[in-house]
Amino acid sequence: MNVILHLGLGSFHRAHQAVYLDDLIEKGDTSWHIVGANLRDDMAATMAALAAQGGEYTLETVTPAGERTYRRIRSIRQVLPFDASLANVIEVGAQPSTRIISFTVTEGGYYLDEHHRLDTGFADVASDLAGTTRQTIYGALAAVLAERMRRDAGPVTLQNCDNLRSNGERFRSGLLDFLERRGDGVLRAWVEANTTCPNAMVDRITPRPLPEVAARVQAATGWADQAPVMAERFIQWVIEDHFANGRPDWEAVGVEMVPSVLPYEEAKIRVLNASHSCIAWAGSLIGLTHIHEAVAVPAIRRMAYDYVTDDVIPALDPPGAPCPLDLAAYRDVVLDRFGNPYLADTLQRVAADGFSKIPGFILPTLRDRLAAGQPIDATAMLPALFFAFLGRWHRGALHYAYQDGVMAPATAHGFFASPDPLSAFCADPLLWGPLAGHPQLVAAVRAATARVDAFVAAHAVRTVAP
Ligand SMILES: NC(=O)c1ccc[n+]([C@@H]2O[C@H](COP(=O)([O-])OP(=O)(O)OC[C@H]3O[C@@H](n4cnc5c(N)ncnc54)[C@H](O)[C@@H]3O)[C@@H](O)[C@H]2O)c1
Ligand SMILES: OC[C@@H](O)C(O)[C@H](O)CO
């Protein structure tokens, strides 16, 4: 039996990779299973429920027409209880039968600067580097791989499943930097020789499951499942076929194995993820709650549509180097997927982690457009929306809690204490990297904030503090 150890047993993994593997098991190939664990004690009730259910749970999918399906997923065979020492994770990860270690630790879980080097200013990274904790993906994998090397347990693939551009390469760069900073040259050399990190594009909108999901699952299946997940029907996974020690027969279940994931990930990140954030920030500013409500507001749909049409498509599909994907068709499909009312995906979930999403999803289009001497008006709307959103958060006037794994609250509050808050926001190196303070960026975002203010004044549907 071959094992995939998955770190970060959130909703997405259980609606995506675990489902692909379950598809394979259903086809009669039982040669792989998943062992799952978390690096943080942040979803204890779900982890306990999953463990009590032997790793099994129900996946509910729903189409834009409201057609629901229910299916029991059995590919996760073991759930490791959280333990800050990660002793169980290390034990499983160091076994020769574990051939793949995959992870979803959110966009904010990588702590990389624009050169893909570790940003050691983050307390979690600093304490993992000092060896006092194992709470980041780097600290955890350094411990697992050290034990694997000690036991001579063989090569292993490190498979990133987060929404990160060149997600395998970036993670690898962070891991190697982590080992170098720790002075762990022997392990670093072992990792270079014995691991691969295939880039991958992952896609399936997976909201945080609400209590209604469990109620529907029980009504439909009779099982009082304590850990169900819910997702859209659409699913996609594109992987560079670069595995160190074998892999499941992913092609047999529709995973696309490609030499380069680049066009897929650029399209996904810039078209889907950036417009998703745009819609979430805009909808939040006018007091809405769900993505489908926000994308139904013509002015919001237009912002996302114009951003993709005016700025992203010309950047990704320039004359002389045509993109292999039909980006206009992709834009339309994505906007329709956001309109699925039965998903009830929250603005709160998608608006989260702006301090990772501005640099990851939006900055590359600004950079490309400015480098080509082209206007950035449509893209500037996105940071202008986030700036207004952050202003609401700063004043305590958001109608939900904002979660951001990377934002330093004092720094973000500090923008609004400055005589020119917008300039302070546009000068933040974490958000803007080499574009921080760029005069054209500041001018375009300033002009866009006036359009955002006009949009809010015309559309506010909920009484919120100004
Ligand atoms: N939900 C989706 O629609 C979707 C779709 C495609 C990709 N993804 C990717 O999956 C990620 C997780 O989404 P989800 O829906 O499973 O979220 P979730 O909130 O259900 O789970 C988040 C997981 O990440 C872990 N985590 C959070 N911060 C961490 C950190 N700094 N270090 C280590 N572990 C950390 C948590 O313990 C948990 O296991 C997203 O951030 C995204 O990159 C999600
Ligand atoms: O944009 C937010 C993401 O979590 C999104 O739901 C996902 O990337 C869709 O695959």
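The analysis underlying the following values was restricted to heavy atoms, covering all of them including side chains, and did not include hydrogens, waters or symmetry mates. Numbering of ligands and ligand atoms starts at 1, following listing order. Quick caveat, the model's predicted, so the values are computed rather than measured. Starting from 1, each residue takes its place in the sequence as its number.
Judged by the shortest distance from any of its heavy atoms, Arg349 lies inside the 4.0 Å radius around the atoms of ligand 1. Remark: distances from the non-hydrogen atoms of Asp203 to ligand 1 are all 4.0 Å or more. In this structure, His16 has no heavy atom closer than 4.0 Å to ligand 1.
Geometrically, ligand 1 and Asp42 share a nitrogen or oxygen pair separated by less than 3.5 Å. Annotation: Leu39 places no N or O atom under 3.5 Å from an N or O atom of ligand 1; distance criterion only. For ligand 1, the polar-atom distance check finds no N/O of His13 at less than 3.5 Å from any of the ligand's N/O atoms. Inclusion of Lys268 in the set of residues having an N or O under 3.5 Å from an N or O of ligand 1 is not warranted. Any N or O atom pair closer than 3.5 Å counts here, and Thr136 shares no such pair with ligand 1.
The closest protein non-hydrogen atom to atom 9 (C) of ligand 1 is Asp162 OD1, 3.6 Å. Counting only heavy atoms of the protein, atom 24 (O) of ligand 1 lies nearest to Thr104 O, 3.4 Å. Looking at atom 3 (C) of ligand 2, its nearest protein heavy atom turns out to be Asn273 ND2, 3.6 Å. Scanning all protein heavy atoms for the shortest distance to atom 38 (C) of ligand 1 gives Met43 SD, 3.9 Å. For atom 28 (N) of ligand 1, the nearest protein heavy atom (residue, atom name, distance) is Val105 O, 3.5 Å. From the protein, the heavy atom lying nearest to atom 4 (C) of ligand 1 is Phe12 CD1, 3.3 Å. The shortest contact between atom 22 (C) of ligand 1 and any protein heavy atom is with Thr106 CG2, 4.0 Å. Residue, atom and distance of the protein heavy atom nearest to atom 41 (O) of ligand 1 are Glu107 OE1, 2.8 Å. At the top of the distance list for atom 6 (O) of ligand 2, counting protein heavy atoms only, stands Arg349 NH2, 2.7 Å. The protein heavy-atom contact nearest to atom 31 (N) of ligand 1 is Tyr111 OH, 3.1 Å.
In this structure, the side chain of Asn167 engages the main chain of Asp162 through a donor-acceptor pair within 3.5 Å. Looking at Gln226, its side chain does come within 3.5 Å of a backbone N or O of Ala224 through a donor-acceptor pair. Panel note: side chain Trp432, backbone Phe425; a donor-acceptor pair is recorded below 3.5 Å. Judged purely by atom type and a 3.5 angstrom limit, Arg77 has no side-chain atom pairing as donor or acceptor with the backbone of Ile34.
Per-residue contacts place Arg208 under 4.0 angstrom from the following atoms of ligand 1 (heavy atoms of the residue considered): 19 (O). Residue contact check: Leu9 has heavy atoms under 4.0 Å from atoms 39 (O) of ligand 1. The ligand atoms of ligand 1 that sit less than 4.0 angstrom from a heavy atom of Gly109 are 31 (N). Short contacts between ligand 1 and Asn38, defined as distances under 4.0 Å to a heavy atom of the residue, involve ligand atoms 37 (O), 39 (O). For ligand 1, the atoms lying closer than 4.0 Å to a non-hydrogen atom of Ile205 are 3 (O). Remark: ligand 2 atoms within the under-4.0 Å shell around heavy atoms of Asn163 are 3 (C), 7 (C), 8 (O). Counting atoms of ligand 2 from 1 in the listed order, those under 4.0 Å from a heavy atom of His276 are 1 (O), 2 (C), 5 (C), 6 (O).
For the salt bridge (Lys or Arg N to Asp or Glu O under 4.0 Å) with Glu60, the lone residue among Arg14, Arg71, Arg72, Arg216 that qualifies is Arg216. Of the options Asn2, Thr157, Asp241, a side-chain hydrogen bond (donor to acceptor under 3.5 Å, both in side chains) to Arg247 is made by Asp241 and by none of the others.
A salt bridge does not link Arg188 with Asp177: none of the charged nitrogens is closer than 4.0 Å to a carboxylate oxygen. A salt bridge links Arg165 and Glu266; the closest N-O separation between the charged side-chain nitrogens and carboxylate oxygens is under 4.0 Å.
For Arg204, every heavy-atom contact with ligand 2 shorter than 4.0 Å involves the backbone, none the side chain. Of the heavy atoms in Thr206, both backbone and side-chain atoms come closer than 4.0 Å to ligand 1.
Atom 34 (N) of ligand 1 is approached by the protein to below 4.0 angstrom, counting heavy atoms only.
The cationic group of Arg170 does not satisfy the cation-pi geometry with Tyr110, failing either the under 6.0 Å distance to the six-membered ring centre or the 45° limit from the ring axis.
Between the side chains of Arg208 and Thr346, not a single donor N or O lies within less than 3.5 Å of an accepting N or O. In summary, the side chains of Thr58 and Asp225 do present a donor paired with an acceptor at a separation below 3.5 Å, with no hydrogens or angles considered. Side-chain contact annotation: Thr133 with Ser127, donor-acceptor N/O pair under 3.5 Å present. The closest side-chain donor-acceptor pair between Asn273 and Lys357, if any, does not fall under 3.5 angstrom.
Between Tyr20 and His16, the ring planes are perpendicular. Angles over 60° get that label, and only those under 30° would be called parallel. Under the 30°/60° scheme for interplanar angles, the aromatic rings of Phe103 and Phe171 are found to be tilted. Classified by interplanar angle (parallel below 30°, tilted 30° to 60°, perpendicular above 60°), the ring pair Phe355/Phe386 is perpendicular. Below 30°, between 30° and 60°, or above 60°: for Trp393 and Tyr402 the angle between ring planes is above 60°, a perpendicular geometry.
Of the listed residues (Asp345, Ile291, Asp203), the one carrying the non-hydrogen atom nearest atom 10 (O) of ligand 2 is Asp203. By heavy-atom distance, the residue among Gly8, Gly108, Gly10, Pro209 lying nearest atom 18 (P) of ligand 1 is Gly10.
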